[in-house]
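Note sheet for the following structure.
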Amino acid sequence: MNRWLLDIIVCPCCKDRLSLDSNGENEQIESGVLACVACLKTWPIQDGIPRFILPEDDYCGNFGYQWKKFSRTQIDAFSGSTQSQTRFEDETGWDSQRLKDKLVLDAGCGAGRFADVALRFGAKVIAVDVSTAVDACNKNLQEIGHPTDRYALIQASIYELPFRTGTFEYVYSLGVIQHTPYRKESVLSLAKQIGQGELALWVYEKSWRSLVGYKYWFRIFTKGLSQKSNWRLSCMLVNLFFPLAWKLARVPKIGRYLVRLLPLAFRRPEGTKQQSKEWSLLDTFDNLSPRYDNPITETELREWLKSGDFIQIERRETPGLALVASK
């Protein structure tokens, strides 16, 4: 943990100041305890990351499991593609001119695919996740070579973020809100983090298309399975159907529609056939295993953002539902 983070984080419960109990005066703090000076609650720092949740509060354990298995797959620096950067730009509308030297919150960082992009754009990033994916993110950012004084990792709930109201100018949460138990509360919690600035969200859009394909029919059974059982099922489906999907995707005009009839989440990113198979496996597991998966209509999301005091809301031209709201 960077020592500068102590000037930003507060008690997630009462928003009062935190004190640090740790050995040494190094800028990087690997272990210790954070204690609230008011309510006296305490939280550990483990492996350089403040942990503001209990293990049983991690409702997204499947993502921690997933990103530890394939921590590098979606990171541009490791895959040799620009897919994560392109998606970030398409869904937020932000670039290096907007983010340079800004304090940015990545809410639901996963393995760090978008934190890497924001850092390359010159931002100072605080990346938060409720799951142990923060460990994969931390390792990836270190191995990429981002300066350690430019980012910080925190394990915390989106409902109890350890920041004062209005700490950030830019906040993004891409592919996260639909996996939280209380979606409106998640949006309002993120809205509080912004004083004057922008919030970028990308979520699964609720429409008639939600009923098309295998996903929600399979989830009737798979959401109650263990992570390992879902992983084995995902591997089986991808091993069986990926070769056919790879061929069908090449059929002119109708290929991309034909693959949607198969029971896997076929992805064909830039790169090799093996990379495509890894992305397909990750997305299939992502479809089947989350405890929560509740798409959102554009009307609902706009109403929630208005409740968070945003005065301008723009829909981005990109697959899925991407809204950028400004205060």
Side-chain angles (χ1 to χ4, degrees), residues 60 62-63 66-67 73-76 81-95 98-99 104-119 121 123 125-131 133 137 158 161 168-191 193-194 197-207 209-210 215-216 265 267 269 279 282-283 285-287 290 292-308 310 312-327:
C60 285
N62 62 293
F63 292 107
Q66 170 181 347
W67 296 126
T73 300
Q74 296 183 342
I75 309 295
D76 285 351
S81 78
T82 59
Q83 193 159 233
S84 290
Q85 178 174 328
T86 298
R87 180 178 167 186
F88 183 88
E89 292 172 326
D90 288 347
E91 293 175 2
T92 66
W94 304 339
D95 56 20
R98 299 284 293 279
L99 297 187
V104 175
L105 175 62
D106 180 336
C109 63
R113 63 183 299 198
F114 300 123
D116 167 48
V117 176
L119 285 165
F121 283 173
V125 177
I126 298 180
V128 177
D129 205 286
V130 72
S131 80
C137 180
I158 201 169
L161 292 167
F168 300 90
E169 288 184 71
Y170 292 90
V171 175
Y172 63 87
S173 185
L174 308 180
V176 175
I177 301 299
Q178 70 274 354
H179 295 309
T180 62
Y182 307 104
R183 299 162 301 159
K184 180 179 179 180
E185 286 78 359
S186 297
V187 173
L188 295 180
S189 176
L190 294 179
Q193 310 310 313
I194 302 171
E198 295 185 359
L199 169 62
L201 300 175
W202 183 93
V203 301
Y204 296 164
E205 184 169 18
K206 186 176 182 179
S207 70
R209 294 182 181 87
S210 303
K215 176 180 177 179
Y216 291 105
R267 290 289 301 276
W279 280 71
L282 287 174
D283 282 1
F285 183 68
D286 188 18
N287 281 349
Y292 303 100
D293 185 322
N294 296 300
I296 305 168
T297 66
E298 181 176 353
T299 299
E300 287 176 316
L301 191 53
R302 283 182 177 275
E303 288 176 353
W304 300 343
L305 288 168
K306 290 176 183 177
S307 298
F310 290 98
Q312 182 175 341
I313 302 169
E314 170 199 0
R315 177 161 186 165
R316 301 287 300 168
E317 296 274 344
T318 184
L321 177 55
L323 297 183
V324 178
S326 306
K327 286 186 179 180

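Throughout, residue positions are numbered sequentially from 1 according to the sequence presented. Values in this document were obtained by computation on a predicted structure and should not be read as measured data.
Taking CZ of R267 as the start and CG of D283 as the end, the distance is 4.5 Å to the nearest 0.5 Å. The distance from the CG atom of L301 to the CG atom of L323 is 4.5 Å, given to the nearest 0.5 Å. Taking CZ of F88 as the reference point, atom OG1 of T82 lies at 14.5 Å (rounded to 0.5 Å). Interatomic distance, F168 CZ to I126 CD1, rounded to the nearest 0.5 Å: 4.0 Å. From L199, atom CG reaches atom CD1 of I194 across 4.5 Å, with rounding to the nearest 0.5 Å. Summarising the geometry, atom NZ belonging to K184 is positioned 14.0 Å from atom CD1 belonging to I177; distances are rounded to the nearest 0.5 Å.
R183 pairs by the salt bridge (charged side-chain N to carboxylate O under 4.0 Å, His left out) definition with nothing, not counting sequence neighbours. Evaluation of the salt bridge (charged side-chain N to carboxylate O under 4.0 Å, His left out) rule for E298 yields R302, R315 as partners, not counting sequence neighbours. Under the salt bridge (charged side-chain N to carboxylate O under 4.0 Å, His left out) criterion, R98 pairs with E198, not counting sequence neighbours. The ring-ring contact (aromatic ring centres under 6.0 Å, His included) test applied to Y170 returns W94, not counting sequence neighbours. Qualifying ring-ring contact (aromatic ring centres under 6.0 Å, His included) partners for W304, counting only residues two or more places apart in sequence or in other chains: none. Every residue two or more places apart in sequence or in another chain that forms a side chain to side chain donor-acceptor pair (under 3.5 Å) with E300 is listed here: T297.
Each of Q74, R113, E89 was scored for a side chain to side chain donor-acceptor pair (under 3.5 Å) with S84, with one residue passing: R113.
Put simply, the side chain of D90 reaches to within 4.5 Å of the side chain of T86, judged on heavy atoms. Residues D129 and C137 are not in side-chain contact: their nearest non-hydrogen atoms beyond the backbone lie 4.5 Å or more apart. Between E205 and I296, every side-chain heavy-atom pair lies at or beyond the 4.5 Å cut-off. In this structure the side chain of V130 never reaches within 4.5 angstrom of the side chain of I158, judged on heavy atoms.
Judged purely by atom type and a 3.5 angstrom limit, Y172 has no side-chain atom pairing as donor or acceptor with the backbone of A118.
Between H179 and Y292, the shortest heavy-atom contact is ND1-O, 2.8 Å. What you find for S189 and L161 is that their closest heavy atoms are OG-CD1, 3.9 Å. Summarising the geometry of S173 relative to L190, their closest heavy-atom pair is CB-CD1, 3.8 Å, with the distance given to 0.1 Å. Here the closest non-hydrogen pair linking I75 and A111 is CD1-O, 3.7 Å. Contact detail for G320 and W202: the closest heavy-atom pair is CA-NE1, 3.6 Å. Shortest non-hydrogen contact noted between D106 and A115 is OD2-N, 3.4 Å.
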**OP:** Given side chain to side chain contact (heavy atoms under 4.5 Å, CB included), test Q85 with F121 step by step and report yes or no.
**Re:** CA-CA 10 Å; Q85 178 174 328; F121 283 173; 4.0 Å; yes
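Surrounding NZ of K327 are more than 12 heavy atoms belonging to other residues, nucleotides or ligands, all under 6.0 Å away.
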